[in-house]
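A quick write-up on the structure given underneath.
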Amino acid sequence: MTFTLGSLTGYGYGLVVGGSYLLYLLLTGVLGYRRRLPAGTVRVFGLLGLPLGLVLARLVYCAVEYAYFTDTISQPSRMLSFWDGGYSLMGALCGLVLAALIAARLMRVRFGTLLDVAAAPLGALLCGVRLAEGLTGTAGQLIQLGVGRQVEPGSFTQALPWLFLDDSMGTLTLKRLAVYRVEAAVALVLLVLSLWLFFGRHPRRKQRPGDVAMIVFSLFGASQVLLESLRDDSHMLLGFIRTQQVAAVLMPLLALAVFGARYAHIRQARKTAVAAWLLLPVAALVGWMMVSPLNHVLDLTNRRALGTGILAAIAVYEVFFLRLRGADRRLTLTWLVALLALAGCVAVEFSIDGSSNVLRDYLAMALCCAALFLAPFTLWRALRKRIYREESLSVHIADAR
């Protein structure tokens with residue numbers, strides 16, 4: 001959808017995204033006031049976030065689609081034509097995080113505190129960005145982004161018509177899942193949960209600055225793994241996996257690494273726990289070679305039994321040997337759950353195109369994504385409970401004296 005303003009041509013997509021960003025900054029300013037940030041902190045963040053978000057969103061998109069610009073159309077200079085479209089949402093989020101880091105340094109506030117303020121209202125921005133995808137089509141054509149697979153019209157499509165779009169093929173009219181609307185609804189749920197975490201009754205001293213942001217990004221990342229799989233457009237694909245999915249799955253894993261390191265320090269777990277973390281990229285590499293070979297040597301696509309055996313050996317080492325050497329049981333099992341959830345998501349994504357029961361497979365992926373989020377979330381709650389117990393014990397000792 002386009003409109004004219006004098007000699008300029010405007011796009012509905014950009015107008016909605018820009019309005020969503022202004023709403024996001026307004027909410028961020030309110031939350032910054034509640035956290036008593038220095039005056040002007042949110043303004044500096046907003047001024048930095050817009051250009052950094054746009055630049056990184058375009059850079060990530062061009063990096064993924066590099067072959068398109070250099071080989072398909074043979075015009076690398078078109079990468080500079082940012083007005084032609086082509087952005088990465090994950091790149092934009094990286095720009096916002098970088099803007100929060102720079103603004104925190106300039107205004108001399110804690111980075112984690114500002115990141116919490118910036119992450120809590122993120123759902124408002126995401127909702128606007130997703131709804132804007134419904135304006136990317138041209139007259140008489142289906143929208144370009146945020147559409148799902150074709151489905152036969154039936155009772156389900158009639159009961160929930162807002163979930164589907166009409167896709168006409170001659171005299172035949174099919175339905176397509178309006179994934180962008182589902183993602184917008186999920187973004188609103190994310191906004192409510194984020195604000196609940198931000199304004200929750202739990203005392204802020206029971207959590208460190210940045211914890212709310214890590215939980216928000218973990219929930220967003222885990223949900224995006226599933227929602228991006230529902231899409232049927234060709235936006236930023238890497239084989240059968242979307243780039244956005246790869247970036248999304250790193251969010252809960254990164255939060256789990258941070259909470260895991262803090263948990264191991266509090267529980268005084270031995271350094272053998274580090275071995276468990278070092279084996280994670282090895283397990284990921286083995287899993288990748290089972291799906292797609294790196295070269296003719298690192299190829300397990302036809303030897304999946306061997307790859308499964310290697311992963312099983314790593315799991316046995318994690319569960320038994322590390323436990324005997326003093327690693328914390330909960331930390332080890334949490335990492336195993338996260339790894340199994342990740343493997344389940346990859347397995348479903350690999351087989352979904354030839355599946356005879358898509359609903360069953362997406363339900364399995366949803367359960368894996370839930371486990372992927374719950375891994376860092378439960379560890380965070382355990383850290384809060386331990387801090388609460390220590391504070392209560394200190395109060396009792398002080399009263400006894």
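Below, all heavy atoms of this structure are taken into account, side chains as well, without hydrogens, waters or symmetry copies.
Nearest heavy-atom pair across Cys368 and Gly344 is SG-CA, 3.9 Å. In terms of heavy atoms, Ala366 sits closest to Leu226 at CB-CD2, 3.8 Å. Contact between Leu56 and Gly91 at its shortest, heavy atoms only, is CB-O, 3.3 Å. Nearest heavy atom pair, residue Ala248 against residue Val225, reads CB-CG2, 4.1 Å. Here the closest heavy-atom approach between residue Gly128 and residue Val16 is recorded as O-CG1, 3.5 Å.
Side-chain contact check for Leu193 versus Phe198: every heavy-atom pair is 4.5 Å or farther apart. Under the 4.5 Å side-chain criterion, counting only non-hydrogen atoms from C-beta, Val44 is in contact with Leu48. Side chains of Phe217 and Leu254 form no contact here, defined as non-hydrogen atoms less than 4.5 Å apart. Side-chain contact between Arg34 and Phe199 is present, with heavy atoms from C-beta onward closer than 4.5 Å. When side chains are defined from C-beta on, Leu122 counts as touching Leu96, because their heavy atoms get closer than 4.5 Å. Considering only heavy atoms from C-beta on, Pro121 comes within 4.5 Å of Leu31 through its side chain. Between Leu89 and Leu126 the shortest side-chain heavy-atom distance falls below 4.5 Å. Contact of the Pro376 side chain with the Met214 side chain is not registered, since no non-hydrogen atoms from C-beta on lie closer than 4.5 Å.
A salt bridge links Arg130 with Glu228: the closest approach of a Lys/Arg side-chain nitrogen to an acidic carboxylate oxygen falls below 4.0 angstrom. Taking the charged nitrogens against the carboxylate oxygens, Asp211 and Arg262 do have a contact shorter than 4.0 Å, which makes a salt bridge. Using a cutoff of 4.0 Å between basic side-chain nitrogens and carboxylate oxygens, Arg181 and Glu133 are not scored as salt-bridged.
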Exercise. For Val117 and Val212, what are the C-alpha separation, side-chain angles and deciding distance, and is it a side-chain contact (heavy atoms from CB on, under 4.5 Å)?
Worked result: CA-CA 9 Å; Val117 171; Val212 171; over 6 Å; no
Exercise. Are Cys127 and Ser20 close enough, and set up right, to give a side-chain contact (heavy atoms from CB on, under 4.5 Å), and what steps lead you there?
Worked result: CA-CA 8 Å; Cys127 180; Ser20 302; over 6 Å; no
For this session: May I have the step-by-step check of side-chain contact (heavy atoms from CB on, under 4.5 Å) for Leu93 and Phe220, ending in yes or no?
Result: CA-CA 11 Å; Leu93 294 181; Phe220 170 71; 3.4 Å; yes
Exercise. What do the steps show when you test Leu22 against Leu26 for side-chain contact (heavy atoms from CB on, under 4.5 Å), and what is the final call?
Worked result: CA-CA 6 Å; Leu22 292 177; Leu26 176 63; over 6 Å; no
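To the nearest 0.5 angstrom, Leu114 atom CG is 12.0 Å from Arg105 atom CZ. One distance of note links CZ of Arg110 with CZ of Arg208; it measures 8.5 Å at 0.5 Å rounding. The CG atom of Asp361 lies 10.5 Å from the CD atom of Glu349; values are rounded to the nearest 0.5 Å. Atom CG in Leu250 sits 12.5 Å away from atom CG in Leu256 (nearest 0.5 Å). From Leu253, atom CG reaches atom CH2 of Trp335 across 6.0 Å, with rounding to the nearest 0.5 Å.
Asp116 places no side-chain N or O within donor-acceptor distance of the main-chain N or O of Pro209, the cut-off being under 3.5 Å.
Using bins of under 30°, 30° to 60° and over 60° for the plane-to-plane angle, the ring pair Phe373/Phe377 lands in the parallel bin.
Residues passing the side-chain contact (heavy atoms from CB on, under 4.5 Å) test with Leu177, sequence neighbours excluded: Leu163, Phe164, Val179, Leu230.
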